[in-house]
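Take a look at the structure below.
We number each residue from 1, following the sequence as shown. Whatever order the structure lists ligands and atoms in, that order sets their numbers, starting from 1.
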Amino acid sequence: MQYLGSCHCGNVKFRVEGEITSAVTCNCSICQRKGVRMAFFPRSALTLLTPEDKLSTYTFNKHVIHHRFCPVCGIHTHGEGVDPKGNPMSAVNINCIENIDVDALPVQRYDGRSL
Ligand SMILES: [Zn+2]
């Protein structure tokens, strides 16, 4: 399955390949503030359709996760990091994907606050 997503203003566009079967929410300090719902993919499954320099990057704490967002409209599109085995991963904000009904997906709560 292929999904297309974008920020609000369209400055940032992306395509991701895989299956979205649940909506992951997280209670860590940043996810809670953003109200983001996510799906995780290998980094190679995510293709930016926008030049890298059109995105901004926010990091905090150990600076291991790159939180990418549109500097024009402020919408967070995805995060980039590595899984526990060191494989590059992306956490896509599925609220940015237009051809799915995010509210229909089962919610999987992740306790990021306790880590
Ligand atoms: Zn934008």
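Protein atoms of type N/O/S that fall under 2.8 Å from the Zn ion (ligand 1) number 4 in this view.
Taking the charged nitrogens against the carboxylate oxygens, Arg37 and Asp103 do have a contact shorter than 4.0 Å, which makes a salt bridge.
For the pair Phe14/Thr50, no side-chain contact is recorded, criterion being any heavy-atom separation below 4.5 Å from C-beta on. Using a 4.5 Å heavy-atom cutoff, the side chains of Asn27 and Tyr110 are not in contact.
Residue Ile20 comes nearest to Ile94 through the heavy atom pair CD1-CG2, 3.9 Å, listed as atom of the first residue, atom of the second, then distance.
In the displayed structure, Phe40 atom CZ is contacted under 6.0 Å by more than 12 heavy atoms of other residues, nucleotides or ligands.
In the hydrophobic clustering of ILVMFWY residues, with side-chain heavy atoms under 4.5 Å counting as a link, Ile100 and Phe41 come out together.
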